[in-house]
Enquirer: 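Pasting a structure here, questions to come.
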Amino acid sequence: MAKGRLYGVGVGPGDPELLTLKALRLLRSCPVVAYQSAEDKTSIARSIVSEYLPGNQIEVLYHLPRALDPQAAQPIYDRVVTPIAEHLAAGRDVAVLCEGDPLFYGSFMYVFTRLSDQYETEIVPGVSCAMGCASALSVPLSYRDDIFTVLPATLPAEVLETQLSNTDAAAIVKLRRHFAKVRDVLQKLNMTSRAHYIERGTMATQKIIPLQQVDPEQVPYFAMILVPSQSKL
Ligand SMILES: C[S@@+](CC[C@H](N)C(=O)[O-])C[C@H]1O[C@@H](n2cnc3c(N)ncnc32)[C@H](O)[C@@H]1O
């Protein structure tokens with residue numbers, strides 16, 4: 001029996017209309033749709049596309065435990081992708097949904113690294129958070145030969161400071177409990193007035209809050225800071 005095809009489908013940053021036509025076709029036609037969520041949460045990726053799902057598909061929810069020691073986590077991740085592998089082995093195509101773009105810090109990569117050498121795989125790119133949030137904020141990010149840097153807020157303050165000092169524009173992701181550290185680094189570098197904070201960009205619940213008014217205790221997972229370039233055309 002022919003094996004199924006694995007699709008990594010980017011569903012964009014939140015607005016259901018920020019979906020490619022290719023993603024829409026696969027969402028409607030694949031017999032199996034898989035998506036991840038944290039243990040105690042529903043899947044954001046699924047909620048973004050829920051109105052497009054025909055309702056007759058097999059759905060696979062998988063949980064990726066976060067903040068694990070990478071070494072210890074491997075057998076857990078191997079186990080997590082097993083249900084997807086079983087559908088592929090049985091000849092069923094599987095569309096794995098991923099918020100934003102699948103290959104840009106995407107949860108799909110846990111599946112990709114484990115299954116793409118065994119099953120034919122195709123990736124459907126999605127609008128990533130940096131692009132979706134820049135549009136939502138209406139801030140031009142970078143011009144001409146500007147350097148644009150993506151920084152996970154989980155990095156130490158010294159690294160963030162060095163990187164921010166050496167770039168023209170930046171996107172700072174994975175803020176959550178690291179928000180206060182990032183805010184202090186931006187302040188030290190006199191970059192606060194250039195920084196834009198946005199929560200759940202492009203989603204119906206989107207919030208744009210001045211950086212100084214953000215409560216560090218209330219920063220959600222889907223929040224980022226954009227520091228646009230100061231270049232002018
Ligand atoms: C693991 S990364 C996923 C990136 C995603 N694959 C993409 O292409 O945008 C998750 C981080 O991206 C940022 N993020 C993703 N979507 C967002 C949104 N709609 N609004 C604000 N930040 C977002 C947040 O900083 C979040 O912690």
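Please read all numbers here as calculations on a predicted model, not as lab measurements. Worth knowing before you read on, the calculation uses all heavy atoms, side chains too, and leaves out hydrogens, waters and symmetry mates.
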Enquirer: Using the side chain to side chain contact (heavy atoms under 4.5 Å, CB included) definition, which of the options V159, L189, V182 pairs with L164?
Expert: L189
Enquirer: Please answer: with hydrophobic residues joined when any side-chain heavy atoms are less than 4.5 Å apart, are L18 and M203 in the same cluster?
Expert: no
Enquirer: How close do A169 and L141 get, heavy atom to heavy atom, and via which atoms?
Expert: CB-O, 3.3 Å
Enquirer: Which atom pair, heavy atoms only, marks the closest approach of S116 to F112?
Expert: OG-O, 2.7 Å
Enquirer: Please confirm whether the backbone N or O of T202 pairs with a side-chain atom of Q206, one donor and one acceptor, at under 3.5 Å?
Expert: yes
Enquirer: Starting at CD1 of I44, measure out to OG of S107 and round the result to the nearest 0.5 Å.
Expert: 11.5 Å
Enquirer: Do T149 and T167 have side-chain atoms, one donor and one acceptor, less than 3.5 Å apart?
Expert: yes
Enquirer: Search all heavy atoms of A85 against all heavy atoms of L115 and return the closest pair with its distance.
Expert: CB-CD2, 3.8 Å
Enquirer: Side chain of T82, backbone of D78: donor and acceptor closer than 3.5 Å?
Expert: yes
Enquirer: Given the rule that I, L, V, M, F, W and Y join up when any side-chain heavy atoms are under 4.5 Å apart, are V111 and V9 in one cluster?
Expert: no
Enquirer: How about Y143: does its OH atom have over 12 heavy atoms from other parts shown lying under 6.0 Å from it?
Expert: yes
Enquirer: Would a distance-only check, ignoring hydrogens and angles, find a side-chain to backbone donor-acceptor pair under 3.5 Å from R194 to P228?
Expert: yes
Enquirer: Working to the nearest 0.5 Å, report the span between CG of D93 and CG of L26.
Expert: 8.5 Å
Enquirer: Do you know the tightest heavy-atom contact between R183 and P216?
Expert: NH1-CG, 3.7 Å
Enquirer: Any side-chain heavy atom of L53 within less than 4.5 Å of one from R46?
Expert: yes
Enquirer: Within this structure, what is the CD-CG distance for the pair E161 and L186, rounded to the nearest 0.5 Å?
Expert: 10.5 Å
Enquirer: Give a yes or no answer on whether the side chain of K181 reaches the backbone of L155 with a donor-acceptor pair at less than 3.5 Å.
Expert: yes
Enquirer: Can M109 be reached from Y35 by stepping across I, L, V, M, F, W or Y side chains whose heavy atoms are under 4.5 Å apart?
Expert: no
Enquirer: Show, in sequence, the C-alpha distance, side-chain angles and deciding distance for L88 and K3, and conclude whether the side chain to side chain contact (heavy atoms under 4.5 Å, CB included) test is met.
Expert: CA-CA 6 Å; L88 293 166; K3 292 177 182 175; 5.7 Å; no
Enquirer: With a sphere of 6.0 Å drawn around CG of D145, does it hold more than 12 non-hydrogen atoms of other residues, nucleotides or ligands?
Expert: no
Enquirer: Would you mind reporting whether Q74 and R114 have side-chain heavy atoms less than 4.5 Å apart?
Expert: yes
Enquirer: Measuring from atom CD1 of I76 to atom NE2 of H63, what distance do you get when rounded to the nearest 0.5 angstrom?
Expert: 13.5 Å
Enquirer: Checking the side chain of Q57 only, and the main-chain atoms of C30 only, is there a donor and an acceptor separated by less than 3.5 Å?
Expert: yes
Enquirer: Would you mind reporting whether C129 and Y105 have side-chain heavy atoms less than 4.5 Å apart?
Expert: no
Enquirer: Consider only side-chain heavy atoms of I, L, V, M, F, W and Y, link residues closer than 4.5 Å, and tell whether F108 and V150 are in one cluster.
Expert: no
Enquirer: Heavy atoms, side chains only, cut-off 4.5 Å: are S142 and D168 in contact?
Expert: no
Enquirer: Counting C-beta onward and ignoring hydrogens, is there a side-chain heavy-atom pair between L97 and L27 closer than 4.5 Å?
Expert: yes
Enquirer: Indicate yes or no: at least one non-hydrogen side-chain atom of Q187 is less than 4.5 angstrom from one of Q212.
Expert: yes
Enquirer: Between F222 and L175, is there a shared hydrophobic cluster once you connect ILVMFWY residues whose side-chain heavy atoms come closer than 4.5 Å?
Expert: no
Enquirer: Restricting to non-hydrogen atoms, name the atom on A130 and the atom on M224 that form the minimum distance, rounded to 0.1 Å.
Expert: CA-CE, 4.0 Å
Enquirer: Check whether E59 reaches the backbone of G55 with its side chain - one donor and one acceptor, N or O, closer than 3.5 Å.
Expert: no
Enquirer: Out of curiosity, S43 OG to Y62 OH, how far, rounded to the nearest 0.5 Å?
Expert: 8.5 Å
Enquirer: May I ask you to test the R144-S231 pair for a side-chain heavy-atom distance under 4.5 Å?
Expert: no
Enquirer: Take L19 and Y52 through the side chain to side chain contact (heavy atoms under 4.5 Å, CB included) test and state the conclusion after the steps.
Expert: CA-CA 11 Å; L19 194 72; Y52 306 126; 3.5 Å; yes
Enquirer: Evaluate whether atom CD of E51 has more than 12 neighbouring non-hydrogen atoms of other residues, nucleotides or ligands under 6.0 angstrom away.
Expert: yes
Enquirer: Are side-chain heavy atoms of I225 and F179 found at a separation under 4.5 Å?
Expert: yes
Enquirer: Indicate the atoms forming the closest heavy-atom contact of I208 with A136, along with that distance.
Expert: CD1-O, 4.1 Å
Enquirer: Could you grab the distance from atom OH of Y197 to atom CD1 of I209, nearest 0.5 Å is fine?
Expert: 5.0 Å
